[in-house]
Engineer: 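One structure, pasted below without further comment.
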Amino acid sequence: MKVFLVEDSPLLRPRLEAMLGSIAGARLIGQAAGAQQAIGAILADTPDVVVLDIRLEEGTGFDVLRALQKSAPQVAVYVLTNFPTEPYRRKAESLGARGFFDKSSQFDGLRDALAAHAD
């Protein structure tokens with residue numbers, strides 16, 4: 001399973017990389033901190049899965065979701081955010097997100113969802 005990480009926090013990226021490394025069959029193929037950079041790289045690299053933050057250096061995760069819904073709907077997107085509000089969840093799901101996780105309390109839930117996707 002090829003995974004692309006879209007996360008602007010330099011403190012969280014190593015933790016996400018370690019979590020991905022603990023999933024059998026998962027391989028990190030790229031990273032981006034901003035929406036436009038992420039969209040271009042994801043469309044070029046064709047990952048199986050994207051782990052996506054909502055708030056990015058430039059743009060938002062919703063920009064990424066819209067672009068992928070239009071140009072690469074086969075890519076499974078899992079949102080991991082510090083802003084787990086219900087309106088954000090509904091918006092992410094309406095744009096095709098397969099999962100929506102709170103960074104502070106559902107990190108293990110994201111790992112479980114990715115592991116299940118890898119099977």
Side-chain angles (χ1 to χ4, degrees):
M1 175 177 74
K2 300 182 299 181
V3 181
F4 194 95
L5 176 60
V6 185
E7 171 61 58
D8 65 338
S9 170
L11 299 175
L12 189 56
R13 277 187 297 238
R15 184 174 175 206
L16 286 166
E17 290 174 25
M19 182 263 293
L20 291 170
S22 74
I23 299 171
R27 180 171 52 97
L28 184 63
I29 63 165
Q31 297 184 41
Q36 293 309 310
Q37 176 191 15
I39 292 164
I42 291 165
L43 294 177
D45 296 341
T46 61
D48 302 305
V49 171
V50 171
V51 175
L52 179 65
D53 191 6
I54 294 294
R55 301 245 174 131
L56 302 172
E57 285 182 2
E58 49 86 16
T60 70
F62 297 124
D63 298 326
V64 176
L65 278 165
R66 278 187 207 93
L68 296 181
Q69 186 180 46
K70 179 181 176 185
S71 300
Q74 75 283 3
V75 175
V77 180
Y78 294 87
V79 174
L80 181 66
T81 182
N82 277 325
F83 303 94
T85 66
E86 195 55 36
Y88 275 11
R89 175 185 303 277
R90 283 193 305 271
K91 186 171 185 176
E93 289 172 352
S94 75
L95 293 170
R98 298 208 187 161
F100 187 93
F101 301 90
D102 182 344
K103 283 182 183 178
S104 63
S105 64
Q106 296 179 315
F107 201 84
D108 290 338
L110 172 64
R111 189 211 174 279
D112 294 345
L114 294 174
H117 190 94
D119 287 340

Engineer: Which pair of heavy atoms, one from Ala35 and one from Gly59, lies closest together, and at what distance?
Structural biologist: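 Looking at all heavy atoms of both residues, the closest pair is CB-CA, 3.9 Å.
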Engineer: Residues in side-chain hydrogen bond (donor to acceptor under 3.5 Å, both in side chains) with Glu58, at least two apart?
Structural biologist: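 Once residues adjacent in sequence are excluded, Glu58 has no partner under the side-chain hydrogen bond (donor to acceptor under 3.5 Å, both in side chains) criterion.
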Engineer: Excluding sequence neighbours, so at least two apart, what forms side-chain hydrogen bond (donor to acceptor under 3.5 Å, both in side chains) with Arg27?
Structural biologist: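 Once residues adjacent in sequence are excluded, Arg27 has no partner under the side-chain hydrogen bond (donor to acceptor under 3.5 Å, both in side chains) criterion.
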Engineer: Other members of the hydrophobic cluster containing Val51, with the 4.5 Å side-chain heavy-atom rule, please.
Structural biologist: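 Cluster partners of Val51: Met1, Val3, Leu5, Leu12, Leu16, Met19, Leu20, Ile23, Leu28, Val49, Tyr78, Leu80, Phe101, Phe107, Leu110, Leu114.
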Engineer: Show your reasoning for whether side-chain contact (heavy atoms from CB on, under 4.5 Å) applies to Thr60 and Asp53.
Structural biologist: CA-CA 8 Å; Thr60 70; Asp53 191 6; over 6 Å; no
Engineer: To check you understand the geometry: which heavy-atom pair defines the closest contact between Pro84 and Phe100, and what is its length?
Structural biologist: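 So the minimum-distance heavy-atom pair works out to CA-CE2, 3.5 Å.
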Engineer: Can you tell me which residue pairs pass the salt bridge (charged side-chain N to carboxylate O under 4.0 Å, His left out) test with a partner in residues 29-43, sequence neighbours excluded?
Structural biologist: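 Listed by first then second residue: nothing to list.
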Engineer: Applying salt bridge (charged side-chain N to carboxylate O under 4.0 Å, His left out), which residue pairs with at least one partner in residues 64-85 are found, sequence neighbours left out?
Structural biologist: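 Residue pairs with at least one partner in residues 64-85: Asp63-Arg66.
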Engineer: Taking only residues two or more places apart in sequence or in another chain, which ones pass side-chain hydrogen bond (donor to acceptor under 3.5 Å, both in side chains) with Gln106?
Structural biologist: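 Counting only residues at least two positions away or on another chain, Gln106 forms no side-chain hydrogen bond (donor to acceptor under 3.5 Å, both in side chains).
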Engineer: Do the non-hydrogen side-chain atoms of Arg98 and Glu93 ever get within less than 4.5 Å of each other?
Structural biologist: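 Heavy-atom side-chain distance check fails, nothing below 4.5 Å.
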Engineer: With sequence neighbours excluded, give me every salt bridge (charged side-chain N to carboxylate O under 4.0 Å, His left out) pair touching residues 106-119.
Structural biologist: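 Pairs touching residues 106-119 that pass the test: none.
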Engineer: Check whether any side-chain heavy atom of Leu65 lies under 4.5 Å from a side-chain heavy atom of Gln69, and answer yes or no.
Structural biologist: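 SC-SC contact between Leu65 and Gln69 ruled out.
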Engineer: Give me each pair satisfying ring pair (Phe, Tyr, Trp, His ring centres under 6.0 Å) with a member in residues 18-59, each pair once, sequence neighbours excluded.
Structural biologist: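 Listed once each, the pairs would be none.
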Engineer: Side-chain atoms of residues 37-48: list all donor-acceptor pairs with protein atoms under 3.5 Å, sequence neighbours left out, distances to 0.1 Å.
Structural biologist:
{"residue": "Gln37", "atom": "OE1", "partner": "Ala33", "partner atom": "N", "Å": "3.4"}
{"residue": "Asp48", "atom": "OD2", "partner": "Lys2", "partner atom": "N", "Å": "2.7"}

Engineer: Identify the heavy atoms of Gly61 and Leu52 that sit nearest to each other, and give their distance.
Structural biologist: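 That would be O-CD2, 3.4 Å.
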Engineer: Ring pair (Phe, Tyr, Trp, His ring centres under 6.0 Å) with Tyr88: which residues, sequence neighbours excluded?
Structural biologist: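 By the ring pair (Phe, Tyr, Trp, His ring centres under 6.0 Å) rule, Tyr88 matches Phe62.
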Engineer: Going by salt bridge (charged side-chain N to carboxylate O under 4.0 Å, His left out), name the pairs with one or both residues in residues 5-15, residues two or more places apart or in two chains.
Structural biologist: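 The answer is Glu7-Lys103.
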Engineer: The criterion is side chain to side chain contact (heavy atoms under 4.5 Å, CB included); which residues satisfy it with Gln74, sequence neighbours excluded?
Structural biologist: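 By the side chain to side chain contact (heavy atoms under 4.5 Å, CB included) rule, Gln74 matches Ala72.
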